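Sequence lines set the chain letters: A, B, ... in the order given, protein chains first and strands last, and positions in each chain run from 1. Note that the coordinates shown come from a computational prediction; the quantities given were computed from them, not determined experimentally.
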Number of protein chains: 2
Amino acid sequence: MKLGHMSVPGDCDRISPILSHVGNKWAALTVLVLSEGPKRYNQLRREIETVSQRMLTVTLRGLERDGLVRREVFAERMPPQVEYSLTPLGETLVQPLFALCQWSAVNCDAIERNQADYDGPGRHARQAG
Amino acid sequence: MKLGHMSVPGDCDRISPILSHVGNKWAALTVLVLSEGPKRYNQLRREIETVSQRMLTVTLRGLERDGLVRREVFAERMPPQVEYSLTPLGETLVQPLFALCQWSAVNCDAIERNQADYDGPGRHARQAG
DNA sequence: CGGGATCCTTTACGATACTG
DNA sequence: CAGTATCGTAAAGGATCCCG
């Protein structure tokens with residue numbers, strides 16, 4: 001796929017997995033929460049609330065693997081602490097991600113209305129046969 | 001979840017599903033391709049290449065439901081044509097989505113290197129254990 | 001051409017239990 | 001505290017066949 005006049009450099013085959021990865025719900029929320037500063041594991045868990053322990057771990061490992069998040073262990077501390085923070089590369093993601101987040105926040109009312117509109121009137125409804 | 005100093009208005013409970021929806025691989029690609037102008041069904045299918053017929057349909061219905069994409073049927077034409085285009089709301093999504101797409105394009109090399117780095121050295125590799 | 005319906009495989013994800 | 005390992009379900013997604 002090409003983006004014509006907008007000319008995204010390189011393959012969309014390579015960017016689309018990345019896009020779907022960072023556009024991923026948990027990954028996006030994690031990056032956004034970490035943009036406030038370094039956080040510990042259970043701190044992240046509490047702030048993202050709806051995330052399960054398993055998905056938080058999986059997400060953090062993924063982001064660490066991408067080089068977007070750094071993991072630091074402080075075994076000397078009591079209790080032992082693990083701190084997560086954004087890498088410089090991770091920081092560069094915050095702005096575009098936040099912009100998309102803003103867009104969602106601004107337009108979620110309109111979208112929910114559109115959905116209700118689409119579902120309701122029966123033009124499209126398949127359940128009422 | 002709150003975004004502290006950045007203060008995303010409203011619940012993140014409502015924006016995160018939307019974010020994961022528009023951040024969705026197929027939805028994002030579809031919106032981006034449609035930002036070039038109206039396209040017909042099989043035209044979209046060819047341009048997005050890797051998309052299956054089923055997923056394209058599902059994605060288009062979802063975007064239509066959100067009010068981001070408009071579907072117009074021209075039965076009079078030969079052969080009968082169905083044209084998809086962005087709504088004004090859909091247009092407003094292009095810019096932030098494109099920004100994220102650009103980020104992916106710019107950083108995909110670095111990310112792939114990070115991943116190889118993370119997987120390779122054996123520090124993290126579990127398979128060779 | 002532009003899909004809908006169905007089947008089947010893969011993946012995502014949550015719940016639970018255990019560890020250092 | 002900060003995880004890992006395993007299990008079972010639900011959702012995503014591809015392949016295929018069929019229709020107007």
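Spacing between atom CD1 of B:Ile48 and atom P of D:dG13 amounts to 13 Å, rounded to whole angstrom units. For the pair B:Leu60 CG and C:dG2 P, the computed distance is 11 Å after rounding to whole Å. Between B:Arg61 atom CZ and D:dG13 atom P the separation is 17 Å, expressed in whole Å. Atom CD of A:Glu72 and atom P of D:dA2 are 14 Å apart (whole Å). Atom P of nucleotide C:dG2 and atom CD of B:Gln81 are separated by 7 Å, given to the nearest angstrom. Distance, B:Tyr41 OH to C:dC1 C1': 10 Å, rounded to whole Å. For the pair B:Leu44 CG and C:dG2 C1', the computed distance is 12 Å after rounding to whole Å. Between the CD atom of B:Glu83 and the P atom of C:dG3 there is a distance of 12 Å, given to the nearest Å.
Under the side chain to side chain donor-acceptor pair (under 3.5 Å) criterion, the residue pairs touching residues 80-92 of chain B are A:Trp103-B:Thr92, B:Arg61-B:Tyr84, B:Arg71-B:Tyr84, B:Arg77-B:Gln81, with sequence neighbours excluded.
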Applying side chain to side chain contact (heavy atoms under 4.5 Å, CB included) to B:Gln115 and A:Asp66, what does each step give before you reach the verdict?
CA-CA 5 Å; B:Gln115 292 176 348; A:Asp66 292 342; 2.7 Å; yes

CA sep, side-chain torsions, deciding dist, call: B:Leu93, A:Leu100, side chain to side chain contact (heavy atoms under 4.5 Å, CB included):
CA-CA 8 Å; B:Leu93 175 56; A:Leu100 196 62; 3.8 Å; yes

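Within a 6.0 Å radius of CD in A:Gln95, other residues, nucleotides and ligands contribute 12 heavy atoms or fewer.
Taking 4.5 Å as the limit, every side-chain heavy atom of A:Val51 sits out of range of all side-chain heavy atoms of A:Leu29. For the pair A:Leu60 and A:Leu44, the minimum side-chain heavy-atom distance is below 4.5 Å.
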What is the per-nucleotide protein-contact pattern of nucleotides 13-20 of chain C, from the 5' end, where B denotes a base atom under 4.0 Å from a protein heavy atom, S denotes such proximity for sugar-phosphate atoms only, and - denotes neither?
BBBBB---

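End-to-end axis angle of the helix from C:dC1-D:dG20 to C:dG20-D:dC1, from C1' rotation axes over five pairs per end: 40° (rounded to 10 degrees).
Not counting sequence neighbours, A:Arg70 has no partner by the side-chain hydrogen bond (donor to acceptor under 3.5 Å, both in side chains) test. Shown here are the side chain to side chain contact (heavy atoms under 4.5 Å, CB included) partners of B:Asn114, two or more places apart in sequence or in another chain: A:Leu89. Among residues two or more places apart in sequence or in another chain, the side chain to side chain contact (heavy atoms under 4.5 Å, CB included) test is passed with A:Gln53 by A:Tyr41, A:Arg45.
OP1 or OP2 of D:dG3 sits under 4.0 Å from a side-chain N or O of A:Arg71. Listed pair A:Arg40 / D:dA2 meets the phosphate criterion, a side-chain N or O lying under 4.0 Å from OP1 or OP2.
Within 4.0 Å of A:Tyr84, counting heavy atoms only, lie sugar-phosphate atoms of the nucleic acid but no base atom.
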